[in-house]
Amino acid sequence: MPELPEVETTLRGIQPWLDGETISDVVVRQRSLRWPVPSQIGSKLVGQTVVSSRRRGKYILLELSGGGTLLTHLGMSGSLRILSGDSDEWRKHDHIGISLASGKELRYHDPRRFGCWLYCKAGEHPEDSHELLHKLGPEPLSDDFDVDYLWSCMKGRKVAIKQLIMNSHVVVGVGNIYACEALYLSGISPRRAAGRVTRASTERLVEAIRQVLGEAIEMGGTTLRDFLNADGEAGYFKQELRVYDREGEPCRGCESPVKRIVQSNRSTFFCSDCQK
DNA sequence: AGGTAAACCTGGACGC
DNA sequence: TGCGTCCAGGTTTACC
């Protein structure tokens, strides 16, 4: 489900209800996620205050008053909602509930269970030390992600450009939808070897990634099937999609039908006339 | 080392 | 109605 804009939308939705709040109870109904939810997670969290919440790539990090950090990822189908406390019946696939002193509750729902909930103990900055975070590439909306950087990652690489920009060690947050969209916007074939993309195209690609992610955040993310924000509302970026999930429909630029191919087991949508 | 396929899991859509 | 097949927004892992 979630790529960077959906995770950012989720974070913005839960942040106001979490920051400064104390955790009063933790219920784990299903600990079998991507990795097992630590069995002591409840005793570690209860009584702690959420100092701040932030995003790194597609991970959400809650910094706790004791110095530890709660690290979660929504995987393919995960979502986080804020419940008001009185309407808190457990739906199928609701796995974790974090009750707050305010009476609100943070509820984690994830049918496919590819997400994770992990606890990083106090000490170093998790972005620098945690094994899942420390090798991540730059944030695409930060100044660290620029043409020189991406160009250096592409040089000599035979891997398809689409796979390269979806590699979180190169740049975080670009998933299947936004990789397709950014390549369309920059006129690059998703199949082109990364090392054979021109410098001018790379400049367009950096801008396209920024543009598409930024616009999607502004529109509350993309709801294809089931993405909902923390208030249970859909995102509006689907109507802006130029190629993703539009196989056979006319390209918005040249009218020729959008094509679908498979690259490393993922669907790729593109216009073979507009993208070279 | 770099590149590719499979693995994790549930559910919805579709064809017969 | 039911059953088999394919597909899905991510990432790691195992294997060439």
Side-chain angles (χ1 to χ4, degrees), chain A residues 1-11 29-37 55-60 71-80 91-95 108-118 130-137 140 153-183 190-196 209 212-213 216-217 219-229 234-248 260-269:
Chain A
M1 170 215 302
E3 301 185 34
L4 187 149
E6 291 74 37
V7 177
E8 180 68 25
T9 298
T10 297
L11 175 67
R29 293 193 140 201
Q30 168 64 273
R31 38 182 17 107
S32 173
L33 302 182
R34 178 71 203 259
W35 297 287
V37 179
R55 178 187 61 72
R56 175 72 176 102
K58 296 171 190 166
Y59 292 91
I60 287 175
L71 189 160
T72 86
H73 192 291
L74 302 177
M76 203 79 141
S77 58
S79 62
L80 289 167
R91 301 172 305 172
K92 195 175 183 184
H93 305 303
D94 278 0
H95 304 316
Y108 175 68
H109 178 86
D110 186 1
R112 293 177 72 181
R113 292 190 272 125
F114 290 169
C116 68
W117 280 66
L118 299 170
H130 195 279
E131 56 179 349
L132 291 174
L133 304 180
H134 76 102
K135 286 184 182 167
L136 292 178
C153 295
M154 291 160 57
K155 192 174 181 187
R157 297 290 304 276
K158 291 180 178 169
V159 68
I161 185 63
K162 185 198 179 211
Q163 286 158 256
L164 185 121
I165 61 173
M166 287 180 70
N167 179 347
S168 63
H169 298 315
V170 172
V171 59
V172 296
V174 182
N176 206 33
I177 295 178
Y178 301 111
C180 293
E181 295 297 306
L183 288 165
R191 290 188 281 212
R192 177 166 288 273
R196 297 192 59 250
I209 289 171
V212 73
L213 293 177
I217 290 170
M219 302 196 71
T222 300
T223 299
L224 268 186
R225 293 163 189 86
D226 52 14
F227 169 74
L228 299 176
N229 69 18
Y236 293 99
F237 197 69
K238 185 181 195 304
Q239 63 202 62
E240 307 298 318
L241 296 177
R242 276 92 166 173
V243 285
Y244 190 86
D245 212 18
R246 297 192 61 242
E247 182 182 11
R260 173 181 175 273
I261 59 172
V262 175
Q263 293 179 284
S264 53
N265 286 334
R266 311 296 302 275
S267 286
T268 299
F269 299 89

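In what follows, chains are A, B, ... by sequence order, proteins preceding strands, each numbered from 1.
The separation between A/R266 atom CZ and C/dG9 atom C1' is 7 Å, rounded to whole Å. Counting to the nearest Å, the P atom of C/dG10 and the CG atom of A/L33 are 18 Å from each other. Nucleotide B/dC9 holds its C1' atom 13 Å from the NE2 atom of A/H109, rounded to whole Å. Between A/R191 atom CZ and B/dT4 atom P the separation is 14 Å, expressed in whole Å. Following rounding to the nearest Å, A/D245 (CG) and B/dA13 (P) show an atom-to-atom distance of 13 Å. To the nearest angstrom, C1' of C/dG10 lies 6 Å from NE2 of A/H73. If you take CG of A/L224 and P of B/dA13, they are 13 Å apart, rounded to a whole angstrom. For the pair A/Q30 CD and B/dC9 P, the interatomic distance rounds to 10 Å; values are reported in whole Å.
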Handout entry: salt bridge (Lys or Arg N to Asp or Glu O under 4.0 Å) assessment of A/D110 paired with A/R113
Key = CA-CA 5 Å; A/D110 186 1; A/R113 292 190 272 125; over 6 Å; no
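For B/dA13 and C/dG9, the P atoms lie 16 Å apart once the distance is rounded to whole Å. Atom P of C/dA14 sits at a distance of 15 Å from the matching atom of B/dC9, rounded to the whole Å. Rounded to the nearest Å, the gap between the P atom of B/dA6 and that of C/dC6 is 13 Å.
Between B/dG2 and A/K158, no contact under 4.0 Å exists linking OP1 or OP2 to a side-chain N or O. Between A/Q163 and the phosphate of B/dT4, there is a side-chain N or O to OP1/OP2 separation shorter than 4.0 Å. Phosphate contact (OP1/OP2 of C/dG9, side-chain N/O of A/S77, threshold under 4.0 Å): absent.
Nucleotide C/dA14 has B/dT4 as its partner under the Watson-Crick or G-U criteria, with both atom distances under 3.5 Å.
Between the side chain of A/R113 and the base of B/dC9, no donor-acceptor pair of N or O atoms lies under 3.5 Å. For A/R112 against C/dA8, a side-chain-to-base donor-acceptor contact under 3.5 Å is present.
Contacts of A/S32 with the nucleic acid, taken as non-hydrogen atoms under 4.0 Å apart, are absent. Counting any heavy atom pair closer than 4.0 Å across all strands shown, A/N265 reaches a base atom. In this structure, A/R34 reaches the bases: a heavy-atom distance under 4.0 Å links it to at least one base atom across the strands shown. Residue A/Y244 is classed as a sugar-phosphate contact, given heavy-atom separations below 4.0 Å to backbone atoms only. Looking at heavy-atom distances under 4.0 Å, A/K92 makes contact with sugar-phosphate atoms alone, never a base.
With B/dC8, C/dG9, C/dT12 as the choices, the nucleotide that has an atom nearest any side-chain atom of A/L132 turns out to be C/dT12. Nearest nucleotide to the A/R225 side chain, out of C/dG10, C/dC7, C/dG9: C/dG9. Side-chain atoms of A/W35 lie closest to C/dT12 of the nucleotides B/dC9, C/dA8, C/dT12. The side chain of A/H93 has B/dG11 as its nearest neighbour among C/dA8, B/dG11, B/dG3. The side chain of A/Y59 sits closest to C/dT12 out of C/dG9, C/dT12, B/dT4.
Although no hydrogens or angles enter the test, the distance criterion places no donor-acceptor pair under 3.5 Å between the side chain of A/Q163 and the main chain of A/S264.
Here the NE2 atom belonging to A/H169 is positioned 7.0 Å from the CG atom belonging to A/L136, to the nearest 0.5 angstrom.
Using bins of under 30°, 30° to 60° and over 60° for the plane-to-plane angle, the ring pair A/Y178/A/F237 lands in the tilted bin.
Closest heavy-atom contact between A/V174 and A/L213: CG2-CD1, 4.3 Å.
Within a 6.0 Å radius of CZ in A/R31, other residues, nucleotides and ligands contribute more than 12 heavy atoms.
Residue A/E181 is tested with A/N176, A/I209, A/V212 for a side-chain contact (heavy atoms from CB on, under 4.5 Å); the sole match is A/V212.
Stacking of the aromatic ring of A/F114 onto the base of B/dC9 is not found under the criterion of centres within 5.5 Å and planes under 30°.
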